[in-house]
Amino acid sequence: MSLRIYNTLSGKLEEFVPIDPPRVTIYTCGVTVYDDSHVGHGRSLIVFDVFRRFLEHMGYRVRFVRNFTDVDDKIINRAREECAHFMNIANRYIASYYIDMENIRVKPADVEPRVTEHIQEIIEVIRGLIEKGYAYESGGDVYFSVESFPEYGKLSKRNVEELEVGARIEPSERKRNPLDFALWKSAKAGEPAWDSPWGPGRPGWHTECVAMVFKHLGEVIDIHGGGLDLVFPHHENEIAQAEALTGKPFARYWVHNGLVTVGGQKMSKSLGNYVTLREVYTKYHPDILRLLVLFTHYRSPLDFSWEKMEETKRAYERLLSALEELELLKKLPTYEEKGTHPLFERIKEFEEEFFKSLSDDFNTPEALAKVYSLVSELGKVKNRAYSEGKISVQELSAYETAVNSLLKNLRGVFGLLEDYKPECEVKTVVQRELAAGEVLDEKLVELLIEVRDMARKEKAFQIADRIRDGLKDVGIALEDTPAGTKWKRF
RNA sequence: GGCAACGUGGCCGAGCGGCUAGGCGAGGGACUGCAAAUCCCUUUUACGGCGGUUCGAAUCCGCCCGUUGCCUCCA
């Protein structure tokens with residue numbers, strides 16, 4: 001099956017052809033570690049996590065690199081505020097990042113390089129650019145000369161003249177052209193600094209990614225990704241440096257995810273309208289965040305709200321209950337039926353269409369629509385089985401096949417349902433943390449359900465309802481089904 | 001101001017020349033001791049406005065209106 005991807009560089013959907021199949025190289029710009037990650041970062045991380053899983057699922061051997069920017073102005077400022085070393089700040093937020101990633105189920109990249117561990121490589125890139133005449137040293141700084149690279153602006157569809165007119169870039173006597181950007185910044189007093197041919201200083205922002213790509217993936221990579229807000233200037237400046245140096249296209253496909261907004265406005269630190277990932281995954285199961293992200297196409301804006309989290313939670317629970325139903329259906333009396341069940345055909349269609357949607361520029365919302373169509377089919381099966389009080393062997397087998405197919409694909413590609421086990425309820429992170437002390441509670445709930453069932457058999461509904469209401473007060477909901485009473489926390 | 005997107009039914013959100021997206025909500029029904037959950041049915045001028053191309057446009061083209069992003073650190 002061929003995969004089509006939207007390439008920011010061409011502005012078109014293109015068929016995905018890796019340089020050296022089945023090998024695929026992907027680089028995405030990671031976070032600057034000066035604070036906790038928010039939902040905007042989370043979206044980007046989840047989106048590329050799913051791309052990577054999907055490519056792996058298609059049989060590609062993916063090598064995935066995602067960096068940490070662990071030295072920059074914001075980290076330095078933060079360190080100054082706290083009278084701490086900048087590395088302490090960086091290390092703290094890298095640790096925090098890993099906790100977030102574990103909780104939102106984003107797989108680690110194959111290499112997760114840090115800028116401070118690649119200073120030498122960065123210096124080599126800068127040195128090469130100076131040698132080839134694309135960069136110049138000026139008062140201890142080194143700048144890339146935008147005029148020297150005629151294709152500058154090709155990614156973000158701008159031209160140098162327009163940029164100069166609208167330039168709000170702070171003027172600097174050291175720059176020849178206001179659009180020139182710093183590859184190396186000379187150290188000011190009290191700032192972290194490394195030795196270089198141009199004196200002590202630190203790397204500018206844009207060179208790090210180029211140096212790390214060269215080192216860990218090579219001169220030309222298949223996919224370079226990041227948030228839409230990185231297109232200009234960051235990725236434009238990466239292209240300028242890398243291509244000036246090698247004369248080859250830096251990345252074959254430039255892929256950018258849409259931004260997360262709040263009330264229509266971009267979620268950002270500076271606006272203060274952000275919600276941290278930690279806040280989300282302590283309130284909701286991480287699958288719900290992933291589902292929220294995947295319900296919108298990756299290139300569209302995604303407006304975050306807690307109401308939407310609630311909506312997504314309901315959609316998630318409907319999916320879960322369809323899966324859990326299998327164990328209850330197994331308890332019904334069975335009978336033999338002639339022929340194969342039509343549900344088997346639907347499962348086959350589902351799998352085909354699910355991957356077809358994903359192959360069309362990672363259309364996850366459409367893929368989810370296929371998921372929910374199958375879920376509806378399962379609901380119909382369940383309903384009929386319960387109204388007849390029995391289920392055919394073939395139908396039960398089809399239901400089980402469907403559940404396994406959903407589980408396999410939602411786990412493998414979407415990273416959902418990783419902790420799902422039919423006999424256990426799915427818990428939020430907080431619930432998991434509390435789980436150790438819960439065994440006793442569960443026994444008590446089961447005992448109460450047993451007592452309630454006895455009461456119901458005696459038609460002592462007042463007693464039965466008292467138990468149900470009482471459990472509701474402590475956050476446990478009961479559902480009576482022909483196959484027995486289910487309970488869950490809410 | 002420049003550049004780039006986007007405007008779909010109560011809300012969210014796919015589709016991008018002809019064929020039911022899907023989710024959430026709301027109303028009705030089935031089921032239930034009553035619920036809950038689930039399923040079924042309904043929510044049928046849905047495609048910002050005005051022109052144009054076409055046998056046929058939400059889907060292509062033009063203009064207008066509106067929203068957003070980038071142009072400064074940013075996933």
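Chain naming here is simple, since letters A, B, ... match the order of the sequence lines and numbering starts at 1 in each. Keep in mind it's a predicted model, so treat the numbers as computed, not measured.
A distance of about 15 Å separates the C1' atoms of B/G62 and B/A57, rounded to the whole Å. Taking atom P in both B/C65 and B/C50, one finds a spacing of 15 Å when rounded to whole Å. Between B/A35 and B/G29, the two P atoms lie 11 Å apart (nearest whole Å). For B/G18 and B/U68, the P atoms lie 32 Å apart once the distance is rounded to whole Å. Nucleotides B/A21 and B/C40 are separated by 16 Å at their P atoms, to the nearest Å.
A/R4 comes within 4.0 angstrom of nothing in the nucleic acid, heavy atoms only. No engagement by A/S357 is indicated, since no non-hydrogen atom pair under 4.0 Å with the nucleic acid exists. Contacts of A/G226 with the nucleic acid, taken as non-hydrogen atoms under 4.0 Å apart, involve only primed sugar atoms and P, OP1 or OP2. Nucleic acid contact class of A/V371 (heavy atoms, under 4.0 Å, all strands): none. Contacts of A/R158 with the nucleic acid, taken as non-hydrogen atoms under 4.0 Å apart, include base atoms. Nucleic acid contact for A/L45: none, since no nucleic acid atom lies under 4.0 Å from a heavy atom of the residue. A/N363 comes within contact range of the sugar-phosphate backbone alone, with a heavy-atom separation under 4.0 Å but no base atom that close. Among the atoms of the strands shown, base atoms are found under 4.0 Å from some heavy atom of A/L259. Within 4.0 Å of A/A477, counting heavy atoms only, lies no atom of the nucleic acid at all. Among the heavy atoms of the strands, none lies under 4.0 Å from A/K459. Within the nucleic acid shown, A/T312 has no heavy atom closer than 4.0 Å to any nucleic acid atom. Here A/G11 lies out of heavy-atom contact (under 4.0 Å) with every strand. Across all strands, A/T296 comes closer than 4.0 Å only to sugar-phosphate atoms, never to a base (heavy-atom distances). Within the 4.0 angstrom heavy-atom criterion, no nucleotide atom of any strand lies near A/R384.
Checked against a 6.0 Å centroid threshold, the rings of A/F68 and A/Y97 count as neighbours.
An OP1 or OP2 oxygen of B/A75 is reached within less than 4.0 angstrom by no side-chain nitrogen or oxygen of A/R66. Within the structure, every side-chain polar atom (N or O) of A/R299 is placed at least 4.0 Å from both OP1 and OP2 of B/C6. A/K380 has a side-chain polar atom (N or O) that falls below the 4.0 Å cut-off from OP1 or OP2 of B/C40.
Look at B/G25: its Watson-Crick or wobble partner, with both distances under 3.5 angstrom, is B/U43. The partner of B/C16 cannot be assigned: no Watson-Crick or G-U wobble pair with both contacts below 3.5 Å exists in any strand. In this structure, B/C3 and B/G69 make a Watson-Crick or G-U wobble pair, each of the two defining distances being under 3.5 angstrom. Of the nucleotides present, none pairs with B/A58 by Watson-Crick or G-U wobble criteria with both distances under 3.5 Å.
A/F54 and A/F355 have parallel rings, their planes meeting at less than 30° on a 0 to 90° scale where 60° marks the start of perpendicular. Using the six-membered ring where Trp is involved, A/H235 and A/W254 have ring planes that are tilted, between 30° and 60° apart.
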Going through the checks in order, is the ring-ring contact (aromatic ring centres under 6.0 Å, His included) test met by A/F354 and A/F414?
CA-CA 11 Å; A/F354 182 79; A/F414 284 177; 5.3 Å; yes

For the pair A/E325 and A/Y386, evaluate side-chain hydrogen bond (donor to acceptor under 3.5 Å, both in side chains) and give the outcome as yes or no after the intermediate values.
CA-CA 11 Å; A/E325 208 58 49; A/Y386 281 165; 2.6 Å; yes

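In terms of position on RNA chain B, the residue among A/G264 and A/L478 whose nearest nucleotide sits closer to the 5' end is A/L478.
Between B/G13, B/A75, B/U38, one nucleotide has an atom nearer to the side chain of A/M267 than all others, and that is B/A75. Taking the side chain of A/E479 as heavy atoms from C-beta on, and the options B/A37, B/A75, B/C39, the nearest nucleotide is B/A37. For A/H41, the side-chain atoms get nearest to B/A75 when compared with the rest of B/G23, B/G33, B/A75. Nearest nucleotide to the A/H38 side chain, out of B/A75, B/U38, B/A21: B/A75. Side-chain proximity of A/V31 to B/C71, B/C34, B/A75: nearest is B/A75. Side-chain atoms of A/D480 lie closest to B/A35 of the nucleotides B/G23, B/A35, B/A75.
Taking the 5.5 Å centre cut-off and the 30° plane limit, the aromatic side chain of A/Y372 is not classed as stacked on B/G22.
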